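These figures come from a predicted structure and were not determined experimentally. Numbers restart at 1 for each chain; the letters A, B, ... are given by sequence-line order, proteins then strands.
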Number of protein chains: 2
Amino acid sequence: MPSQCKSKIDKNKYVECDDCAMNSICQPIATAQQSINLSDSYLHKRISAKKNKVLFQQSTPLTDIYAVSSGIFKLCQQTDNDEENIIGLRFPGELIGEDALYLKFYNYTAIAVGDSSVCKISVEQMTSCGKVVPEIQQNLIYLLSRQTYIRQRNFQAYIGKKSADSLLAAFLLNIIERNANYTGSDNCIELALIRNDVANFLGLRRETLSRVFSKFQKDQLIQVEGKRIQLLEQKKLIKLADF
Amino acid sequence: MPSQCKSKIDKNKYVECDDCAMNSICQPIATAQQSINLSDSYLHKRISAKKNKVLFQQSTPLTDIYAVSSGIFKLCQQTDNDEENIIGLRFPGELIGEDALYLKFYNYTAIAVGDSSVCKISVEQMTSCGKVVPEIQQNLIYLLSRQTYIRQRNFQAYIGKKSADSLLAAFLLNIIERNANYTGSDNCIELALIRNDVANFLGLRRETLSRVFSKFQKDQLIQVEGKRIQLLEQKKLIKLADF
DNA sequence: GTTAAAACTTGATCCATATCAAATTTAAAC
DNA sequence: GTTTAAATTTGATATGGATCAAGTTTTAAC
């Protein structure tokens with residue numbers, strides 16, 4: 001039996017630090033000498049970001065990496081044909097910009113979908129700290145290896161999928177899984193994204209996406225009420241998604 | 001004018017250590033005390049892997065991470081419907097299995113496409129070394145951040161693309177870029193993969209892929225001779241790929 | 001080299017998604 | 001609250017890729 005789905009997520013709710021990917025590099029560290037509180041040096045917590053706020057622009061030099069604290073961010077790239085492609089989404093507890101650690105430049109633009117908030121770490125200052133506190137290095141390794149795994153899993157979810165049904169099924173399962181800790185539900189989500197953005201991300205037209213949503217509802221696979229989407233038949237969706 | 005393309009790549013050619021993603025964690029490290037040669041402790045160089053050799057099976061515990069030294073490996077997953085999905089390819093200089101550092105389990109099966117070779121690092125032994133030689137940690141951070149970037153870039157290349165034309169264009173540009181250092185060519189590749197595997201990876205049927213290959217040749221975008229593929233109109237392909 | 005199997009290509013038809021068009025619902029601005 | 005714009009849905013038609021079928025080429029086995 002599916003777990004109860006809260007009718008509305010508290011807009012002011014931040015992700016728990018324990019559920020945040022940045023946790024390993026933002027918590028106080030107990031060393032032989034003392035417990036260092038890093039929040040004073042390189043960490044800024046829960047900075048508010050209004051709807052459509054641009055965290056950083058594609059091609060600008062890396063200065064900070066972020067973790068989503070509340071809300072959703074979309075990662076966009078301009079194509080040669082001057083269209084905007086959404087190439088990723090980030091939910092509470094997830095990192096933004098950490099893939100620029102290697103390149104030193106951001107390679108997409110990050111935009112707040114609705115009113116949101118982020119925690120922010122200065123890369124320069126963290127690197128300085130890392131030279132004197134080895135634990136920071138170890139924690140960064142953990143963070144990056146976890147991130148590598150997540151990226152791979154995300155890639156697998158979409159590569160080789162073409163049918164609109166399997167794409168939407170994969171998308172819904174993916175975002176609900178990624179938000180389960182934050183929302184407290186493993187079958188339901190309040191998705192602030194408009195359909196147009198979802199279609200853009202999946203490479204479908206909005207009309208097609210709308211039709212698949214309608215079909216899934218008719219077939220009793222999902223239930224939609226405004227922004228709220230609930231999965232009714234998780235197993236059938238997994239089969240559809242070809243996981 | 002496109003650079004000359006060698007008619008055949010030397011089958012016995014290994015990737016240069018300087019061009020290998022594993023480089024940062026496999027080279028001798030100069031410490032205050034001494035230069036440590038890690039090849040004695042956790043590194044096995046250039047192990048031969050015959051065609052169809054399985055490096056590791058999906059769901060088995062992580063023991064080693066690999067770098068391709070020569071040849072190509074395909075990463076496969078079994079779906080619920082018992083089909084084999086190719087969810088990734090690895091070329092010389094690229095890592096395999098490093099995304100399991102977080103999960104501790106491999107989440108795909110790695111198979112040699114043709115006769116190949118790999119360098120292999122024991123995770124357990126490397127971790128032990130890392131505790132006494134801090135430089136190893138720093139190098140591992142570099143490696144993982146680079147890998148995170150590569151994954152993101154790879155993801156971007158395919159997400160949101162549906163047309164067979166754009167998928168193949170993106171694929172060709174992607175693999176030629178990834179192999180440029182190894183092959184010495186930025187517009188040409190000898191692809192050991194059979195078309196069936198390419199189609200599987202891209203989520204197309206082999207007939208469709210064949211037709212797109214034919215069309216690209218007719219339109220003078222590429223030139224194909226057996227396994228050898230040369231890009232003639234890189235700019236048009238970039239436009240097609242919607243990069 | 002000969003034979004058999006595997007890989008690749010091409011054609012015809014069918015179906016899923018894109019496209020074009022218009023109506024309806026929802027959200028934002030005033 | 002009213003007005004306006006944005007988002008979403010639904011219908012009709014066109015198109016691109018899947019599917020089925022058969023032939024050709026390439027590769028592997030002997």
> Please state how far atom CG in Leu204(B) lies from atom P in dA16(C), giving the value in whole angstrom units.
17 Å

> Considering residues at least two apart in sequence or located in another chain, which fulfil the salt bridge (Lys or Arg N to Asp or Glu O under 4.0 Å) criterion with Glu177(A)?
Arg153(A)

> Return the value, rounded to whole Å, for the distance between atom NZ of Lys51(B) and atom C1' of dA29(D).
12 Å

> Tell me: CG of Leu168(A) to C1' of dT17(C), nearest whole Å?
14 Å

> Rounded to whole angstroms, how far apart are CG on Leu202(A) and P on dT17(C)?
12 Å

> Looking at residues at least two apart in the chain, or sitting in another chain, which of them share a salt bridge (Lys or Arg N to Asp or Glu O under 4.0 Å) with Asp64(A)?
none

> Check side-chain hydrogen bond (donor to acceptor under 3.5 Å, both in side chains) between Arg146(A) and all other residues, then give those that pass, not counting sequence neighbours.
Tyr102(B)

> Run the numbers on Phe56(B) and Phe105(B) for ring-ring contact (aromatic ring centres under 6.0 Å, His included), then give the verdict.
CA-CA 10 Å; Phe56(B) 52 76; Phe105(B) 282 80; over 10 Å; no

> Please collect all side-chain hydrogen bond (donor to acceptor under 3.5 Å, both in side chains) contacts where either partner lies in residues 87-100 of chain A, sequence neighbours excluded, each pair once.
Glu94(A)-Arg178(A), Glu98(A)-Gln147(A), Glu98(A)-Arg151(A), Asp99(A)-Tyr108(A)

> Using the test salt bridge (Lys or Arg N to Asp or Glu O under 4.0 Å), find all partners of Asp165(A) that sit at least two apart in sequence or belong to another chain.
Lys215(A)

> Go along nucleotides 7-14 of chain C 5' to 3' and tag each nucleotide: B for a protein heavy atom under 4.0 Å from its base, S when only backbone or sugar atoms are that close, - otherwise.
SSBBBB--

> If I take atom CG in residue Leu167(A) and atom C1' in nucleotide dT17(C), what distance separates them, rounded to the nearest angstrom?
12 Å

> Quick check on DNA chain C: between Gly226(A) and Lys215(A), whose nearest nucleotide comes earlier from the 5' end?
Lys215(A)

> Rounded to whole Å, how long is the line connecting atom CG of Asn200(A) with atom P of dA6(D)?
18 Å

